[in-house]
Structures are given as structure tokens and as C-alpha cells.
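These notes are about the structure you will find just below.
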Amino acid sequence: MLTHLIKVDVLSLAEKIKIKEASALSDQVSALIGAASVKEKGSAVLLSFIKASDSQAAQLILHHGKMSVLPSRVYVGEITFELQYLFLSFVLIDRDFVSCPKLNISSRTLLLVDGLSDLQQKEHDLMQVGVIQGRKPNHLRQLVLDKLLEPLTRVSLPPRVSLTVGVAGIGKTTWVRHFVRQWSQGAICPDISFVLPFTFCELNLLDKMSAERLVKIAFPHMVDASLFLNSSCRTLLIFDGLDEFNGTLNFSDVAPCSDPKKEVPIDELITNIIRGNLLPDVAVWVTSRPGVASLIPGGLVDRVTEIPGLSSTDIQLFLKHHFSEREVDKKIWAHLESHKMLMVMCSIPCICWILAETLTYIIQSETHESLPKTCTELYAQFCSMKAEIGEPRGREPPKMEHGSNRKLLGNLGRLAFYGLLKRKYTFSEQDLKAYGIDSLLTQCSLGAGVVVREESFIHTTYRFTHLTIQEFLAATFYHASSKRAIFDLFSENTMSWPKIGFQNHFKCAFQHSQQAEDGHLDVFVRFLAGLLSPVTLKTLAGLLAVGKDDGNHKTWASGFLQGILGSGGAVVSLRTVNLAYCLQELQHSELLRSVEEDLRLGSLTGKLTRAHCVVLGYLLHVSAECSKETNLPGCLNYSTVKCLLPQLLYCSHLRLESNNFKDDVMELLGSLLSAKDCQIQKMSLAENAISNKGAKALSRALLVNRTLTSLNLRNNNIGSKGARFLAEALKMNQALVSLNLQSNGIDEAGAEALAEVLQCNRKLASSEETQWSKIMFFFNLTTLCWKEGDFITDKMSVISDASLFNSLQWNFIKSSATKALAHSLHFNTTMELLDLQENAVGNEGVTFLADALKANTSLRTLCLQGVSVGTGGAIALAEALMSNQTLQTLDLRGNSVGMEGAKALANALKTNRSLKSLNLQENSLGMDGAIFIATAFKENHQLTYINLQGNGIGESGAKVISDTIRGNTPGCVVDI
């Protein structure tokens, strides 16, 4: 290498000797790149040589570039990643949206989430996307990639274990590659010295492995791997694609292993690394589809982020970029707007690419075929296109016999089907051969369109272009085989009872689908139903050997599916709603159109049978009528609300006026608003029959809800008692900005309670009541005036002045300033809310505040989030709570109270009778500290809210603690 560089005048003889004299490899690399980079075109010549060379020296430089901590790491790391990127992802380059500047990863952000929702853990990826309709929750914090591994606050620690989830095709691997590339260029995470990226596909081929050997797989020239394993430098270990791992991560029964030299099964190795038994000083980043990610206990994960899908604006931008002719992208966009399910699917970048490629081919061809209206039609057109188009220029197509596309599709379908049953999504060459697939055929047009070949330094694997491609091909295999199979197709290698005839096999598929707890067969049966459509069969005529279809199968299948809609339990689950999706794919839409028309006209009253409720649940996902506002006036009762409850959870704007709802329905809606998955932002319950009991149910929900911004209770009968319930909830709720209580008979007492909210709730911007005069009296104002529905804008400052100095967050206040503030609290009789979060108060400052609390009688809320409260500060606060009987809310999130601090607070709670809300989230309490807090509830029944999240309690411990608290204080809301 050095000789070559001398010949091309990049190095001089003296520089060569100097490089040779360097003893360490890192010094030689540093000297070589330093000498080359200062020469004109020197860097380009070196890059060109390394790319073309397979010499050991070049490989050592490449490997060293990934781990080097020298300044040269920036340049060599870029070379490494460019080679890796071109080698591993050339087949994905178009789908990564890199050519559209406004859509590439550099311009996108992750969402910081509290954990995985029930929807993510229990439902198919496509159902998740369909339910949320591509919306981003407003209350979630956005996180740019360079902040992924950094502390969120000045007093918190960086995460050890980070989990990034996203549905199939959303771009998890692309994010990982982008991170590695940015890191190698020195653009992000400069404190990280080493990055060790692995895919679970690679790890599938490993049997027993030690932590040291795992390191040496990434860097085989490393003699001593201890450099990576100690805490002298920060190392990041990336595990990409947990959903593709064939092993089982058993966190409950795994044998602990802390010896980095000990060889253990690969699944135990990964489990011990995530647990922190192995490599405790190494940061770990895991990516996965949401359902599989739930295998990792939440207590082991320090940070969960989610990759959001493309918004409708993003999709529009991509179409404009993809189609050069302006009228074409407008035509495609109009088509997507009229077929909402296709629009929703396009929020997944990979599917958006599939749709764009397919529609481009249809529009440019001279067949004048209509654009696909269903997912099955889209994928049928995509496969047909891949079978018909020629080979890319410059590549010699493999020799194929007549009908080989049909045979290849059949074999791929069989592989896809039995892989789907086994939840297997990556395949080896041996897997392909077992199903009669020549790996060379995967390079032909059809094969390359639906199968991706991936190579690394460990192995070569194959996978389908997207999960939905695998599911579609699986459905084509089942569809074709069911007409001639005599045994159950779900039993590949075992004998089963004879099962003859298409109808029996069709029923069997839906039975398996309905019984699957996580819905992993939902999209498979959608495609299976869609393959009975004449339009789809015509498209696939040359690829599927199915014979003639006289339409009888479609007629029978539609009747069978509608029969299932009318039977089942009292609650409509997403598994049942999937049957309506199947009817749409089958293009038997009479029932769907009927319910949608009644919904549009507002004439559903008296028509909501169970089958209609199922269809209505489907329309809540895909109907244009429901995309912005779900309007269900005068057509619901207790039983229909209960039936639709799981589907109402995901509406953004819910209008339920004039349904004569009573308090029992409010209990249902309260549980709806309290659910972690709740997406409701606006809810109107005007013109019903809700009393104070119903208002109480809603107020309990508002204590924990973080999505609802507008609540309309106009023309009900909640009275003063109901208004007080809501007022208490609004003192804690910081999401609601609009509340309408017009014509509710709340009288003076209710108006006073709500007026008090305006002093401590800094979010409530709009409130409609009937007792305005009492509110004006409360503030001793005679000129304050409200219009119906809003505050007069220029009077807002008058209200805010009532609590102008209550919030002092992010002001860098230290203990000395806190001492002066605490001194004023000895004499102040008006301040009710003091917010000092994210200041450097420390134990000393908290002790000053605690002394003030012993004398102060006005403060109701004290926020000390992230102020470095330790055990000493917690003990001081506990002593104050034993005498203070006015403080109602204490927020100690993000501190270090510890077990001893928790013990002191628990003793204080046994005597304190004023505290209603206590937040101890992320305070290192541990199981023992949480137990101390829980036992205090045997004597304290005043607390209505307690937060113990992020304290390393674990799932089983969390259940015990939660049950203990709720057993002693049933009305207490427990976040754990």
C-alpha cells in the first residue's frame, strides 16, 4: 500500500519511513491518514485504493477505522461506513427516501414514549398503523437522533439500555445505519469511543458465545478485548432487529453470567447483556417491531423511542418527488384520498415505495388498467409488474424455463406461509433449497422484486421485501393449495384429520386468525379474502394455477364473513374489526356502504346491531367521515358504548351529544380516558343527563389523562358537587385547555372551586360557566368580562398575575437563593403553587423549604422535579409533612430519594392528612422503598394519586405494590 502511494506521489520516502517507525497500529494509521490528507487528492487516492484492495493491510485499516479514537477516526470511519452502506443496503437505496431531501432521516425525529401501549403489544403492525391513522400523539416529546443517548435533563444520567420500536418497513435499520454513519463522521455522540453494530440475523447463526468473542467478531484483529469492556471509555453495542431473532429471550429464568470470558448460548448472552450482568458499563441500543419488543421487561429499559410514520404531507412530498409530471402526482394523491386504507399504509415508507413503483408502472404502460383500490389489488399488480419487466441493464438474467415465474411464486409462497406460521422472517440458503428455490432465481426480476439478499461478514440471508409481501405470497400459496389439499395446510410436517374442499380450508384459516392473540395472521386473511376478487384473479392469471372461478367462492365467503360479524362477545375487538377489512378486500361492500351512509346522514339510531357495531368500528379507522371528527349523536346507549369502547379509544374528536347518557356511561368513558392508549383530544358530551357522579368518574380520568384538550359538558346536570370534582382534577391536569360547563347548575360553590383552578392550572385557557359573577367576585374585579366560550384576550394577564411568581422552573436557582425564598414562605399567606423544577436546589435548599413548610399554611402544590433531592432532603421534607396539613401535591420526580428517603416519607404519610398527590417517579426507591410507601396506605386514605414509575420495581413487584395500595385506598390512582 505504501509503495503504491509513493508511486502516485501521495507519500514521500521520508513519510513512508516515519509511518513504518510507528510501533502501534493506531499510530501507523494516524500517520498514514495525516500524511495523505494534506496532499492534493491524497484522501481520494487512499479511499480509492482501500475500496479496490482486499489486502490484509486495507482490512485492518477499515476495521481500525470503526474503533479508532484518534482524530483520523472521522475520515476512516466514513470510508468504513460507505463500504458497509453500499455493500449491505444497495437494494434498499430507493426506499430509504435518501433522494428526497425533505424526507431523509436527517430531517426526521424520534418520539420519546413512556413504554409500549397495549395496541403495540397485541396487534399486527398494519392494524396499529390503521388504528392511529398516521397521527402523532401531541403530548409526546420529539427527540433528534443525536440526543438519543444523552441525558434528558441536567441532573439525569444517560440511558444504559435504549429501545427503539417501529412497525415493519418504517426504517429501523436505516436509522441505525444513519447513526453509525453520523458517528463515524464525528457529527454526533463524540463521547462514544466504540460502536459495535450487530443484527439479530447475524446472531441467529451463532451458538455459544462469550462477550469477548462477540467483540472480536466485530474487530477480529483485536488481541485484547478488555478495552471495550471496561469503563475507561464509552462503548455502544447495537442489536438491530430483535423481531428477526430465532432464539428466546427469557428474562425470568436466565442463569446469571458476569464473566465476559465464559461461553453461554447466544440468547443467554444477549439477555445477560441487557440485564447488565455482562458489560454493565456498555450502552445498549436495541431496535425491534413493537410486539416483540415487549419481551424485554420495562424495568430494564431506560429509554423507549418510537419511529413515527410519514404524515400525509410527507407522502405528498414523496409523490411530487417521485413523479416528474405534475398532473400524475395529483391523480395519485386524489386516488389515495378516496381510498383511505391505501393512504394509511403509505405512512410506512417501504409500502409507500411499493405503491409508487406499482402506480408508475400502471400509468406508464399502455394497458389502461384501473388503479388498485384494495391492498390485495396493489400487491397483485406489484408481483405482476415484477414478473413482466425485463432485467436491469448490465446484468445477465438467469436462464429460466417456461412457467418458471409461476413455479417460483408457488415455492416462495410456501416458504412465506410456513415462515409466517413459525414467525420466521429471515431465511438462509438452506431454507430456500428446502422449499425448492434456487438462490440464483432470487436475482431474476420477480425474485429480486419480492426477496432481498443481505450479506455480511458472518453470513448471507434472504428476506421478503416487506412483511406484507411475505403475507401476500403466503395467501397466494394457501389460496392455490386449498383447492386441492386433503389435509390441514397449517400442519406442515404432521398428519392431521382430512380437510377437503376450499371452504373448509378457508374457514380453518379464519379460525386460526381469530384465535391468534397478537393478530399476526390478520393481514394474511385479508389477502386471502382479497384473492377471491375477480379483479385480483385476473391480474394474477399468469402466475397462479387456480383454474376458473365462477364467483361462487366469493359469494359464499362474503356470507361466511358477515355471519361471523353478527356473532361473538359483547365487546367488538380489533380481531373482529379485521373481518370488516376482509369484506373490503373481497369488495363485498354493501353492508359497509350502508353503515357509512347512515353515519354520514346521522341516521344510525336504532340500527346498531352487533354486525353494524363491527362495521362502525372499521369505519372509525378508514372512513373520511371519521378521520377528523367522529359524530355519533342520538344513536348510542350503554350497551353500544360498551360494545364500541375499544374502538372509540383511537378517535381524535368524539362527539357524543344528545344520547341521554347517564352516570353509568360516564364510568365507561372514564375508563376510556384513563387508558394508556387513549388518543382522544376533543370530546363533546353536551345535551346528556350527566350528574355529579358522572362528573366524578370523568374527574378521576382527568387525573391521569394527557391527551384530552377539550371537554364539552354543556346542558347536563353536574351541579356544584360535580364542578368541585372537576376542579380538583384540573389542579393536576395540565392537558385540558377548554372546558364548557354551560347550563349545569353549578351555583356559587362550584363557581368558586373552578375559579380557584385559574390560579394554579396554567393550561386552562377557555372555560364556559353559568356563575361568572362569582368568579369576578373571587378576583375582586369589576371590569373582568368573558364572552361565551372564551376569555377576552387582553384580560388574560390579570388572571395570570394571580400566580405570576408561582413557577420558577429552569431559573438555575441554587440553595442560597432557595434559602431566601423559603424565608419568605414563613410569612407569605397567598402563594398556593411553587414550581422549582430543574433547578440546582440540592439537599441544603430543600431543607430550607422543609423548615418553611412547617410554618406555611397557604402552599398547596410544591414541584421539586429534578432538583437533586437526596436522602437528606427527603427526610427533611418528611419531617415537615408530619406538621404541615395544607400541602396537597408534592412532585419529587427525577431525584434520588432512595430507600431511606422513601421510609421517612412513608412514616410521614401515616400522620399527614392533607397530601392528595405524591409523585416519586425515577427516585431509585427499589422494591424495598416501594414497599415502605405501600404500607403507609394502611393508615393514609387521603391520597388520590401516587406515581412510583421508573424505580426498578419490576413487573411482578409492580402488581404486588399496586394491589396493596388499591386494596387499602380503592380511590387512589396508581401509576407504576
Side-chain angles (χ1 to χ4, degrees), residues 339 341-342 369-370 372-381 384 413 417 471-472 474-486 488-490 498-514 521-568 572 575-598 607 609-619 622-623:
H339 297 86
M341 189 56 206
L342 293 179
E369 293 185 39
S370 61
K373 299 180 178 64
T374 66
C375 300
T376 314
E377 285 187 16
L378 171 64
Y379 282 79
Q381 293 277 15
S384 177
F417 177 67
E471 291 164 324
F472 175 76
T476 62
F477 163 76
Y478 194 88
H479 174 83
S481 301
S482 62
K483 296 186 177 182
R484 58 179 183 272
I486 59 174
D488 185 1
L489 289 168
F490 280 83
K499 192 179 290 293
I500 302 174
F502 170 80
Q503 294 182 8
N504 283 325
H505 288 290
F506 192 85
K507 288 179 181 178
C508 180
F510 276 86
Q511 182 181 2
H512 281 279
S513 171
Q514 292 293 298
L521 295 176
D522 279 0
V523 175
F524 162 73
V525 293
R526 289 187 201 177
F527 285 134
L528 190 60
L531 286 170
L532 295 176
S533 165
V535 176
T536 305
L537 288 175
K538 181 181 177 182
T539 303
L540 293 174
L543 292 173
L544 284 183
V546 293
K548 285 189 175 183
D549 188 355
D550 55 9
N552 290 335
H553 287 321
K554 177 185 176 182
T555 303
W556 172 84
S558 61
F560 167 73
L561 291 173
Q562 289 186 87
I564 304 178
L565 290 182
S567 60
V572 174
R575 196 80 347 90
T576 310
V577 170
N578 193 60
L579 298 172
Y581 279 94
C582 293
L583 279 174
Q584 176 61 33
E585 292 295 324
L586 187 60
Q587 298 194 36
H588 183 88
S589 52
E590 287 83 355
L591 179 60
L592 307 183
R593 284 200 302 267
S594 172
V595 176
E596 186 169 25
E597 183 67 11
D598 288 337
K607 297 180 181 179
T609 63
R610 188 178 189 279
H612 283 73
C613 285
V614 174
V615 173
L616 182 57
Y618 161 77
L619 293 174
V622 304
S623 172

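If you read the sequence from its start, that first residue is 1, and numbering goes on from there. FYI, side chains are in, hydrogens and waters are out, and symmetry mates aren't considered; it's all heavy atoms of this structure. This structure is a prediction, so every number in the text was calculated from the model and none was measured.
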Among side-chain atoms of His612 and Thr609, is any donor-acceptor pair under 3.5 angstrom? yes
Quick check against the 3.5 Å criterion: does Thr374 have a side-chain atom that pairs as donor or acceptor with the backbone of Glu377? yes
Over all atoms of both residues, closest heavy-atom pair of Ser482 and His479: OG-O, 3.0 Å
So CG of Leu540 and CD of Gln381: to nearest 0.5 Å the spacing works out to 8.5 Å
Where do His512 and Asp488 land on the side chain to side chain contact (heavy atoms under 4.5 Å, CB included) test, with the steps shown first? CA-CA 12 Å; His512 281 279; Asp488 185 1; 4.3 Å; yes
Suppose we screen for side-chain contact (heavy atoms from CB on, under 4.5 Å). Which residues come up paired with Lys607, at least two apart in sequence or across chains? Asp598, Ser603
Check whether any side-chain N or O of Thr536 sits under 3.5 Å from a backbone N or O of Leu532 as a donor-acceptor pair, and report yes or no. no
Residues 579-586, side-chain donor-acceptor partners within the protein, below 3.5 Å, at least two apart:
{"residue": "Tyr581", "atom": "OH", "partner": "His621", "partner atom": "ND1", "Å": "3.1"}
{"residue": "Glu585", "atom": "OE1", "partner": "Cys375", "partner atom": "N", "Å": "3.4"}
{"residue": "Glu585", "atom": "OE1", "partner": "Thr376", "partner atom": "N", "Å": "2.9"}
{"residue": "Glu585", "atom": "OE1", "partner": "Thr376", "partner atom": "OG1", "Å": "2.5"}
{"residue": "Glu585", "atom": "OE2", "partner": "Cys375", "partner atom": "N", "Å": "3.3"}

Heavy-atom side-chain proximity of Leu531 to Phe472 below 4.5 angstrom: yes
Is there a side chain to side chain contact (heavy atoms under 4.5 Å, CB included) between Gln503 and Asn552? Walk through the geometry before answering. CA-CA 11 Å; Gln503 294 182 8; Asn552 290 335; over 6 Å; no
Using atom types as modelled and distance alone, determine if a side-chain donor or acceptor of Gln514 lies under 3.5 Å from a backbone N or O of Arg575. yes
With rounding to the nearest 0.5 angstrom, report the CZ to CG distance, Phe506 to Leu561. 5.0 Å
Mind checking the NZ-OG spacing from Lys483 to Ser481? Nearest 0.5 Å is all I need. 11.0 Å
Here the pair of heavy atoms bringing Leu592 nearest to Leu619 is O-CD1, 4.2 Å
Single hit among Phe490, Phe510, Phe502 for ring pair (Phe, Tyr, Trp, His ring centres under 6.0 Å) with Tyr478: Phe490
If I take atom CD1 from residue Ile564 and atom CD from residue Gln562, how far apart are they, to the nearest 0.5 angstrom? 11.0 Å
Can you find a pair of side-chain heavy atoms, one from Val572 and one from Leu616, that are under 4.5 Å apart? no
Between Phe477 and Phe524, is the ring centroid distance below 6.0 Å? no
Nearest heavy-atom approach of Thr576 to Leu565 is O-CD2, 4.2 Å
Closest non-hydrogen atom pair between Ser533 and Gln587, with its separation: OG-NE2, 3.5 Å
Over all atoms of both residues, closest heavy-atom pair of Pro372 and Leu342: O-CD1, 3.4 Å
